[in-house]
Amino acid sequence: MKNKGIHEIVKERKTEEKGLVDLPHVEGEVVLRFAPNPSGPLHIGHARAAFLNHEYFKRYGGKLILRLEDTDPRRVDPKAYQMIEEDLTWLGVKWDEKIIQSNRINLYHQYAEKLIELGQAYMCTCPGDEFKRLKDQSQACTCRDLSINDNLKLWKEMPFMSEGEAVLRVKTDINHKNPAIRDWVAMRIVDFEHPRIGTQYNVYPMMNFAVTVDDHLQGITHVLRGKDHLANSEKQKYLYHHFGWTVPEFIHYGRLKMEDVALSTSQARKGINDGVYTGWDDPHLGTLRAVSKRGIRKEALEELMLEIGVKIADTTITWKKIYGLNRNVLEEEANRYFAVFHPRKVVIKYLPGSFKGVIKRLKHPDFPDRGYRMLPFDGIVYLDQIDLNNNENKVLRLMDSVNIIFKDGGITFHSSSLEDARKFNAQIVQWVPATSSIDVELVMPDNSILKGLAESSIEELKPNDVVQLERVGFARLDEIQPKRKFYFAHK
RNA sequence: GCUCCGGUAGUGUAGUCCGGCCAAUCAUGUCGGCCUUUCGAGCCGAUGACUCGGGUUCGAAUCCCGGCCGGAGCACCA
């Protein structure tokens, strides 16, 4: 600990600049958890929790636990368990331990019983609305006065009752100024088959109960969660006190709003079922698989999330911000290619034969060692119709090739040098050789598809490669069969 | 309605705890210049913010009070 390496110092300063604050009350190592509900794949909001936990885990050392919170059988998508792990892997977040709550129902039963024995929980058979009426007036229902033995007896009978007949409530403070905190439900009956564990249980813990038991048992030191859990943290503290457990450090961050995107899993699922979206990776969605398909890199998301940090104030993420960060990642990696998406075949008239030949162009201007693309040029090319429309009667330069002029519906050779192009203020555009073009599709963020033509060098690309289609923008190659299909990322 | 919590440039963020070094940081965006056979990148420059009103103080983004605006929760969901 005497000499910090230069890397450590640089890293320290960097995180300071990023503004990710230190965790409060860290003693040695930390134990953190990422605890999603397996109702669907992860979205950008989850990425925040995942990255933050991961970052703190890396900063302090300790343990990061993945916990699947599937205690509501109705809100479980059996496919989600797998998808969540895939998504986390894509994010580069590794976990030391995985816990599935539906494997632990028995354990929650034991703690529930213990709580009854402690006299801190009671079986409540009031109808929900009746309890709420009383609770809102700070009045206890009669169930609250049941003896421990009566409670135990009812508890044993609970599995034989049906949904809604009874719940187990945690005693808090019936006079608590926030009605939401008063005597919350710990266990309830669910008559619904659990997608993972079937019908072996019908008495399930509520999130607040299961979370508290697990956080304690797993020795979680710091709980990072959204501010929508503010009241839950307050509720959970009562349980910690009843059991005599140490309360972890709760840190609440604000809501994340995503420009133009419905982040909620339930809305996405509905849209998929209704056919509005093509699937979990539909470009409209804010799921990680959707943004990944569009060529957004996890590095960009990570930088964004660490910058946003754990502030409790809400934040609005704009796509421009993500694109800006992503461009920094992609710029270096993406090789350049020509493609046009409103192709118009033109024959250049009066082209001197000396200009025909093969044009060499760097794959990446900053990395000459990546080599060249070869573009055969014989005077017959595809240009973008929009470029032509915008340049009627003006000189236009085909990149690395010749200058032309579009006049009276025809294209004529004008000159050849870049100097001439500059002199005539020519716009410089990309082009595709007509003799060796390849059909491509470009899926836009609104899921519309542009059909176009690209230079033949794109044949060397593999699915998942990200390129820069010059003057069009960055795009990720998704598949090459039956046709080369790109997803547009951003300019 | 009740309970709780926020409000720094277009957006995100640092600074707020322990008032002065803040005529306020960095990122992204936008605009301009240079460079460059495109766009982008790079380099240089510009742009633009402490929600409002009082108070305390020699001094307030920072402390206090009030207003305004915004958010979260008020489930037998997580």
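Naming convention: chains lettered A, B, ... in sequence-line order (proteins, then strands); numbering from 1 in each chain.
- A gap of 16 Å separates the C1' atoms of B/U51 and B/U16, to the nearest Å.
- Every residue meeting the side chain to side chain contact (heavy atoms under 4.5 Å, CB included) condition with A/L152, not counting sequence neighbours, appears here in chain and number order: A/E113, A/I116, A/E117, A/I148, A/N149.
- The side chain of A/R361 lies closest to B/U37, out of B/U13, B/U37, B/A75.
- As the counterpart of B/C68, B/G7 is assigned, both hydrogen-bonding distances of the Watson-Crick or G-U wobble pattern falling under 3.5 Å.
- The distance between atom CZ of A/R397 and atom C1' of B/C39, rounded to the nearest whole Å, is 16 Å.
- Spacing between B/G53 and B/U13 at atom C1', rounded to whole Å, works out to 28 Å.
- A/F367 and A/H364 have perpendicular rings, their planes meeting at more than 60° on a 0 to 90° scale where under 30° would count as parallel.
- Pairing for B/G48 is absent, with no Watson-Crick or G-U wobble pair whose two atom distances lie under 3.5 Å.
- In this structure, A/R361 forms no cation-pi arrangement with A/F338, as its terminal cationic atom is not both closer than 6.0 Å to the ring centre and no more than 45° off the ring axis.
- B/U62: no Watson-Crick or G-U partner with both key distances under 3.5 Å is found in any strand.
- Pairing for B/G12 is with B/C26, a Watson-Crick or G-U wobble pair whose two hydrogen-bonding atom distances lie under 3.5 Å.
- A/R75 comes within 4.0 angstrom of a base, heavy atoms only.
- Checking side-chain atoms of A/N335 against main-chain N and O of A/V467 turns up no donor-acceptor pair under 3.5 Å.
- Across all strands shown, B/G19 remains unpaired; no Watson-Crick or G-U wobble contact has both distances below 3.5 Å.
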Can you give me every donor-acceptor pair (side chain of residues 308-317 of chain A, partner residue at least two apart or in another chain, under 3.5 Å) with its distance?
| from | atom 1 | to | atom 2 | distance (Å) |
| --- | --- | --- | --- | --- |
| A/D314 | OD1 | A/K227 | NZ | 3.0 |
| A/D314 | OD1 | A/R255 | N | 2.9 |

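- Across all strands shown, B/C74 pairs with B/G1; the Watson-Crick or G-U wobble distances both stay below 3.5 Å.
- Annotation: of the two residues near RNA chain B, A/G128 and A/I312, the 5′-most nearest-nucleotide partner is A/I312.
- B/C74 atom P lies 14 Å from atom CH2 of A/W184, rounded to whole Å.
- The P atoms of B/A41 and B/A23 are separated by 33 Å, rounded to the nearest whole Å.
- Residues of residues 227-235 of chain A having a heavy atom closer than 4.0 Å to RNA chain B, listed by number: A/K227, A/D228, A/H229, A/A231, A/N232.
- Judged by atom type and distance alone, A/Q468 does not reach the base of B/G40 through any side-chain donor-acceptor pair under 3.5 Å.
- Protein atom CD of A/E307 is 10 Å distant from nucleotide atom P of B/A27, rounded to whole Å.
- As judged by a 4.0 angstrom heavy-atom cut-off over every strand, A/T71 is placed among residues touching the sugar-phosphate backbone only.
- Ranking B/G71, B/U11, B/U28 by closeness to the A/T318 side chain, first place goes to B/U11.
- For A/N178, the listed nucleotide lying nearest its side chain is B/U3; candidates were B/U11, B/U3, B/G40.
- If you check B/U28, B/G7, B/C39 against the side chain of A/R471, the one that comes closest is B/C39.
- Among the nucleotides B/A78, B/C39, B/U13, the one closest to any side-chain atom of A/R336 is B/C39.
- Remark on RNA chain B: of its neighbouring residues A/M207 and A/I322, the 5'-side contact belongs to A/I322, judged by nearest-heavy-atom nucleotide.
- Closest to the side chain of A/K311, from the set B/A27, B/C76, B/A14, is B/A14.
- Contact check for A/K363 versus A/Y337: side-chain heavy atoms found under the 4.5 Å cut-off.
- Rounding to whole angstrom units, CG of residue A/L168 and P of B/C76 are separated by 13 Å.
- To the nearest whole angstrom, the two C1' atoms, one in B/G12 and one in B/A49, are 13 Å apart.
- We find that NZ of A/K360 is positioned 16 Å from P of B/U37, with the value rounded to whole Å.
- Atom name P, nucleotides B/C65 and B/G6: the rounded distance is 13 Å, in whole Å.
- Side-chain atoms of A/K177 lie closest to B/C4 of the nucleotides B/G71, B/A78, B/C4.
- Within the 4.0 angstrom heavy-atom criterion, only backbone atoms of the sugar-phosphate kind lie near A/N328; the bases stay farther away.
- Comparing the same atom, P, in B/G70 and in B/U8 gives a spacing of 14 Å after rounding to whole Å.
- Comparing B/C43 with B/G48, their C1' atoms sit 22 Å apart, to the nearest whole Å.
- Rounded to the nearest 0.5 angstrom, A/F355 CZ and A/D378 CG are separated by 15.0 Å.
- The side chain of A/R327 sits closest to B/G40 out of B/G40, B/G12, B/A27.
- Listed nucleotides: B/G40, B/U37, B/U13. Nearest to the side chain of A/M399: B/U37.
- A 3.5 Å limit on both hydrogen-bonding distances identifies no Watson-Crick or G-U partner for B/U37.
- Residues A/R225 and A/E69 are not paired through a salt bridge, judged by the lack of any N-O separation under 4.0 Å between the basic side chain and the carboxylate.
- Remark: C1' of B/U11 and CD1 of A/I308 are 10 Å apart, rounded to the nearest angstrom.
- Taking the side chain of A/K320 as heavy atoms from C-beta on, and the options B/C2, B/G6, B/U30, the nearest nucleotide is B/U30.
- Partner A/H109 forms a ring pair (Phe, Tyr, Trp, His ring centres under 6.0 Å) with one of A/W155, A/Y204, A/F209 and no other, that one being A/W155.
- Contact annotation for A/V167: base contact, defined as any heavy-atom pair under 4.0 Å involving a base atom.
- Using a 4.5 Å heavy-atom threshold, the side chains of A/N391 and A/F406 count as separate.
- Within the nucleic acid shown, A/M206 comes within 4.0 Å of sugar-phosphate atoms alone, with no base atom in reach, counting heavy atoms only.
- Within 4.0 Å (heavy atoms only), A/E69 reaches sugar-phosphate atoms of the nucleic acid but no base atom.
- A donor N or O paired with an acceptor N or O is not found under 3.5 Å between the base of B/A75 and the side-chain atoms of A/K132.
- Distance A/D314 CG to B/G12 P: 10 Å, rounded to the nearest Å.
- Note on A/D72: only backbone sugar-phosphate atoms sit closer than 4.0 angstrom, heavy atoms only; bases stay farther off.
- Across the protein-nucleic acid pair, A/H490 atom NE2 and B/G29 atom P stand 10 Å apart, rounded to whole Å.
- When the C1' atom is used for both B/U11 and B/G29, the distance is 8 Å, rounded to whole Å.
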> Between A/I404 and A/L398, is a side chain to side chain contact (heavy atoms under 4.5 Å, CB included) present by the stated rule, with each step listed?
Replying inline: CA-CA 8 Å; A/I404 58 171; A/L398 309 191; 3.9 Å; yes
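- Side-chain atoms of A/H241 come within 3.5 Å of backbone atoms of A/K237 as a donor-acceptor pair (strictly under, hydrogens ignored).
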